[in-house]
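Starting from 1, each residue takes its place in the sequence as its number. These numbers come from the heavy atoms of this one structure, side chains and all, not from hydrogens, waters or symmetry mates. In each ligand, atom 1 is the first atom listed, and ligand 1 is the first ligand listed.
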Amino acid sequence: MDFKEIIANAISKVTNIETEEIKQYIEVPKEKANGDYSFPCFRLAKELKQSPVNIANNIKENIEIDENIISKIDVVNGFLNFYVSKSKIAEATIAKFNVQKEEYGKSNMGEGKTVLVEYSSPNIAKPFHIGHLKTTIIGHSLYNIYKFLGFKTIGLNHLGDYGTQFAKLIEGYKRWGDEYDFSTNPIDKLAELYVRINQLCSEDESVLEECRETFKKLEDGDEYCTKLWNRFKDLSLQEFDKIYNLLGIEFDSMNGEAFYSDKMQEIIDILEKNGKLTESQGAKVVNLEEQGIETPCIIQKANGSSIYATRDLAAIMYRARTYDFDKCLYVVGEEQTLHFKQVFAVAKYLGLDEKYTNGLEHVSYGMIRLPEGKMSSRKGNFVKVEDLLNEAITKSKEIIEDRDIEDKDLLAKQVGIGAVIFEDLAESRTKNQVFDLKEALNFNGETGPYIQYMTVRTKSVLEKARYIPDGNNINASKITDEASTNLLKYLSDFESTIISSMEKNEPSIISRYLIDLAKAYSSFYNENKILCEDKELQDARLYITYMTKVTLTNGLGLLGIEVPEKM
Ligand code: ARG
């Protein structure tokens with residue numbers, strides 16, 4: 001039973017407006033005093049040429065709706081507020097849950113559609129910074145969400161493994177490689193090499209020239225250069241893997257920028273053939289004014305070398321052919337907004353089916369910094385992400401130190417990592433964020449550990465009862481108190497919450513929901529004695545506890561957060 005649907009149907013009959021349109025406007029009021037569902041009549045004022053109040057009164061007078069389901073309708077300032085009968089809420093939600101049980105919330109709405117989620121994409125031989133952590137966490141969650149909704153989902157890591165900086169590193173390595181022990185903190189050492197060779201380049205033009213030649217050699221597949229490049233890549237990946245392992249993330253493809261280096265000529269040829277390439281100071285560019293973008297997109301530099309954007313275009317072509325995608329999401333910081341605008345605009349000139357060019361989307365996110373001040377790898381005051389994750393684990397361990405738990409290391413890891421993930425997903429991704437580890441680890445705040453804790457509580461209630469009641473034999477009429485009804489309403493919204501987070505590519509919709517759900521369970525738990533004399537009532541309350549456990553667990557899973565055994 002979908003209450004929105006029932007209400008929308010009834011309104012549609014009175015107004016002769018499509019149910020689907022009405023359904024879109026129906027809201028869940030923030031204040032309980034405004035009923036369970038609310039319909040803002042001003043939405044129809046234009047269409048019906050009447051004032052919202054008139055519309056509301058008219059609907060109320062003429063609506064035909066089952067009184068066993070909708071117990072009351074109020075008109076307040078042009079809003080129609082609907083009150084759902086409490087036992088019906090329980091009955092409907094339990095019935096909905098019973099269809100799926102442990103898979104509650106899952107769907108096959110994405111069947112037959114392919115979604116690529118490109119995320120993380122750090123740069124080889126450069127530090128993995130806290131901005132990369134953010135794309136990694138958001139991207140992984142989106143990956144989980146699409147998968148859960150039945151899309152064929154593919155996670156791509158577009159490694160930054162290409163460019164003149166690798167030639168510089170090779171030149172640096174040739175000169176001073178012997179001085180370093182790359183078996184520990186290799187990225188730091190490569191970064192140091194990079195600084196040194198840059199210094200030398202700025203002092204000595206001939207070294208810069210050598211670097212350029214080396215880059216050419218690298219591009220042409222020179223054996224020595226390729227071997228070193230592979231070594232830098234391996235050393236970096238070892239470091240990145242430590243982070244991915246801590247976060248529990250694997251990618252379906254690790255094809256980085258270099259993978260596309262032999263696929264760029266085709267792009268240049270197509271653009272040339274389509275008359276889209278123009279010369280500008282020796283470089284080849286595509287003008288995008290007709291698409292409302294003032295800055296032309298550079299495709300080839302004056303010296304003939306390719307650039308970042310060209311590799312992105314080659315990647316689009318490759319992905320269209322390889323995956324036949326319906327959507328290709330780029331989880332990348334907002335500072336690359338112009339880049340993606342340009343690339344997506346040029347992609348329209350490649351002769352690709354519109355399905356592909358319409359499916360490209362930059363899922364951007366705001367700036368992130370630690371409380372101490374802005375972190376920048378250039379200024380050198382950055383924090384290593386691996387250290388940050390390990391610190392979260394150590395701090396968690398301190399918090400749980402005196403608890404009676406078998407595997408404290410495992411728990412500390414689950415809590416610490418869960419806290420970091422949740423903190424990154426707690427607010428709308430476009431917001432700028434100050435990443436506060438201390439806040440993230442507050443067990444009583446709106447945090448990952450708080451939700452984990454509530455989930456563990458549902459588990460221990462069930463363990464204490466030693467049984468999960470039969471969902472088909474729950475007496476819903478027993479459940480009519482405020483706290484239970486409130487909890488059931490949240491439980492009933494799970495699937496639509498996941499869908500809207502998918503539609504907006506916004507995992508924070510789920511994290512927000514989980515906080516509300518966990519709080520609703522907390523009130524339910526405080527106000528109701530779950531194990532009680534009345535067996536029917538006990539069964540009903542236990543079953544709601546079980547539903548909450550499943551929903552919290554599945555929800556946390558979508559964010560990439562594990563549920564501890566005990567806490
Ligand atoms: N490697 C880039 C960086 O760290 C991000 C790559 C984003 N993805 C892309 N297809 N351009 O800034």
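For atom 4 (O) of ligand 1, the closest non-hydrogen atom on the protein side is His132 NE2, 2.8 Å. Among protein heavy atoms, the minimum distance from atom 10 (N) of ligand 1 is reached at Asp312 OD1, 2.7 Å. Here the heavy atom of the protein found nearest to atom 6 (C) of ligand 1 is Tyr308 OH, 3.3 Å. For atom 8 (N) of ligand 1, the closest heavy atom belonging to the protein is Glu118 OE2, 2.8 Å. Ranking protein heavy atoms by distance to atom 1 (N) of ligand 1, first place goes to Asn123 OD1, 2.7 Å.
For Phe340, every heavy-atom contact with ligand 1 shorter than 4.0 Å involves the side chain, none the backbone.
Residue pairs that meet the side-chain hydrogen bond (donor to acceptor under 3.5 Å, both in side chains) test with at least one member in residues 240-250, sequence neighbours left out, are Ser120-Tyr244, Asn157-Tyr244, Glu239-Lys242.
Any N or O atom pair closer than 3.5 Å counts here, and Glu257 shares no such pair with ligand 1.
Every atom of ligand 1 with a heavy atom of Tyr330 under 4.0 Å away is listed here by number and element: 10 (N). Near His158, with a cut-off below 4.0 Å to any heavy atom, the atoms of ligand 1 are 8 (N), 9 (C), 10 (N). Each of the following atoms of ligand 1 lies closer than 4.0 Å to a heavy atom of Val332: 7 (C), 8 (N).
The two residues Asp222 and Thr226 come nearest to each other via the heavy atoms O-OG1, 2.5 Å.
Between Leu559 and Leu514 there is a side-chain heavy-atom pair separated by less than 4.5 Å. Using a 4.5 Å heavy-atom threshold, the side chains of Lys301 and Lys284 count as separate.
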Donor-acceptor contacts, no H, no angles, side chain residues 197-204, under 3.5 Å, sequence neighbours left out:
| from | atom 1 | to | atom 2 | distance (Å) |
| --- | --- | --- | --- | --- |
| Asn198 | OD1 | Lys168 | NZ | 2.8 |
| Gln199 | NE2 | Glu203 | OE2 | 3.0 |
| Ser202 | OG | Gln199 | O | 2.7 |
| Asp204 | OD1 | Ser206 | N | 2.9 |
| Asp204 | OD1 | Ser206 | OG | 2.7 |
| Asp204 | OD2 | Ser206 | OG | 3.4 |

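Under a 4.0 angstrom heavy-atom cut-off, Gln336 registers as being in contact with ligand 1. Heavy atoms of Lys126 stay at 4.0 angstrom or farther from ligand 1.
Put simply, the side chain of Thr135 never gets that close to the backbone of His132: no donor and acceptor are under 3.5 Å apart. For the pair Glu210 (side chain) and Glu171 (backbone), a donor-acceptor distance under 3.5 Å is absent.
In this structure, Lys126 forms no cation-pi arrangement with Phe128, as its terminal cationic atom is not both closer than 6.0 Å to the ring centre and no more than 45° off the ring axis.
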